[in-house]
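Residue indices begin at 1 and follow the sequence shown.
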Amino acid sequence: MNTENYDVIVIGGGPIGLATAYHLGKRKAKTLVLEQFTFVNQLGSSAGVSRQFRIPYPQEYMVQMALDAQPYWDALEKEANTSLLDKVGTLWFGDPAVHSTEGNIAEAEQALKELGVPYTTLTAKEIEAKYHFKNLPETYTGLFQADGASINFRATNEALLNLCKNEETVHLQEDSPVLDIKQNGELFELTTPNGIYIAKKLAIIPGPYINSVINLLDFKIEAAYWNMSSAYFKKTDPAIQYPTWFVFQNAIGENGNQFYGFPSVDWDNPEYIRVAPDFVINPLEEPSDRTLIPNPQELGYTSDWVRDHMTGLSTEPEYTSTCLISLSKIANKELLIDFAPSYVPNHNNIVLYATGWAAKFTPFLGKIMSDLALDGHTDFDITPFQLGYKYFKAF
């Protein structure tokens, strides 16, 4: 086997891993990206075509992160010479008392207000009149924030891959799961089926598969795993259009009752609207348990909701798929951005990103992770995203 040396090895070649490598390449760091599958695959948290970019969050620091991400999207679109965001706005509506994995409407309004982000408040009747929903309880409220967008996430992934290919110091290696990590002094030696690679720094970004990597360093992150279902519903009214949206509702029995959706776009089944449940009935024990077949009960709940509360759509789910996501079990921690715990040798040269819904931050997270890897710090305050060593689990 050949042995090659790098400044940084990025483990995980999804969008955030590629964004990290792209920023490392801009700084002329000799970088290797190791992807266990193929690039632009459908087996991780970047599966599917669309994602939502939105500003509303119940925490001010998350709103600020979304605001900070906007210029990085502009720069990426310019650099790739392609449009990646379809700016249709973000609509949050539903029961103002409900708290979910996405947050709470009232808390999001307060966070937007504190940071001076413009938005519009809405009654249930206004939501029905302006945005094509129907039969909403009168107690429902909502907010509309105009900067929300539908992200062409497949194009984002492909754009970052092409930009990395054009960076002279970035090297890409797919079908290369990391089998072993050894440390020789201050250097890391990684073994893959395709060779042994040596680096001064590691950026560990393999999405929901992170424990399969950090287990090699004798620690793990406590996470839950969701195999999320998704479907498209054909437009019966070709003229109808929706923003990106999320509805907050109380659960049905033990099952979730949160749904979200997208507009129709010319790059993603243009005669259809994507609607998906933001819950799973049976969480997975491990990422290896995932399936490409959606849970039919989850799709059934989604079809019922489309029938009861949306206009201009068929109720038959088509083009169904799944997406694997990992969610932190640490209270109030959606995204985890940190160095390895102090008991791991050379921990200051190991940075990691894990868990949560982060597609909206992709190019900005690439900048954050590249700065942490090369400089040991970043201008962005990662304090709310750090684990604290007590949250790592050692073997």
Where do I221 and L336 land on the side chain to side chain contact (heavy atoms under 4.5 Å, CB included) test, with the steps shown first?
CA-CA 10 Å; I221 288 171; L336 304 177; 3.8 Å; yes

From F248, W245, F144, residue fulfilling ring-ring contact (aromatic ring centres under 6.0 Å, His included) relative to W92
F248

By the definition side chain to side chain contact (heavy atoms under 4.5 Å, CB included), identify the one residue from L216, I9, T191 that meets it with I181.
L216

Passing option when Y242 is tested against Y131, F133, Y260 for ring-ring contact (aromatic ring centres under 6.0 Å, His included)
F133

Mutual orientation of the aromatic rings belonging to W305 and F93 [parallel < 30°, tilted 30-60°, perpendicular > 60°]
tilted

For K220 and N211, which I'm curious about, is there any donor-acceptor pair between the side chains at under 3.5 Å?
no

Heavy-atom nearest pair, A359 first then W73, reads O-CZ2, 3.4 Å

Less than 6.0 angstrom from the centroid, inside 45 degrees of the normal: does K360 satisfy that with respect to the ring of F53?
no

For D371 and K367, run salt bridge (charged side-chain N to carboxylate O under 4.0 Å, His left out): C-alpha distance rounded to whole Å, both residues' side-chain angles, the deciding distance at 0.1 Å, then the answer.
CA-CA 6 Å; D371 287 348; K367 170 64 172 171; 3.3 Å; yes

Out of the candidates L324, I325, N227, only one should pair with P287 under the side chain to side chain contact (heavy atoms under 4.5 Å, CB included) rule; please name it.
L324

Quick one: salt bridge (Lys or Arg N to Asp or Glu O under 4.0 Å) pairs with a partner in residues 312-332, sequence neighbours left out?
none

Using a strict 4.0 Å threshold on nitrogen-to-oxygen distance, state whether D375 and R27 make a salt bridge.
yes

Mind telling me whether Y343 and F219 have parallel, tilted or perpendicular rings, with 30° and 60° as the class edges?
perpendicular

Is the count of non-hydrogen atoms from other residues, nucleotides or ligands lying under 6.0 Å from D379 atom CG greater than 12?
no

Any pair with a residue in residues 276-304 that passes salt bridge (Lys or Arg N to Asp or Glu O under 4.0 Å), sequence neighbours left out, goes on the list, sorted by first then second residue, please.
D304-R307

Ignoring hydrogens and angles, state whether a donor on the side chain of E114 or Q110 is under 3.5 Å from an acceptor on the partner side chain.
yes

Is a side-chain donor-acceptor pair under 3.5 Å present for Y232 with D268?
yes

Give the ring-plane orientation class for Y6 versus H171, where under 30° counts as parallel, over 60° as perpendicular and anything between as tilted.
perpendicular

Sorted by first residue and then second, give each salt bridge (Lys or Arg N to Asp or Glu O under 4.0 Å) pair with at least one member in residues 82-107; sequence neighbours left out.
R54-E102, K87-D147

Under the side chain to side chain contact (heavy atoms under 4.5 Å, CB included) rule, what do I281 and Y301 come out as? Steps first, then yes or no, please.
CA-CA 11 Å; I281 293 173; Y301 282 128; 4.1 Å; yes

For the residue pair T322 and T291, what are the closest heavy atoms and their distance?
OG1-O, 2.8 Å

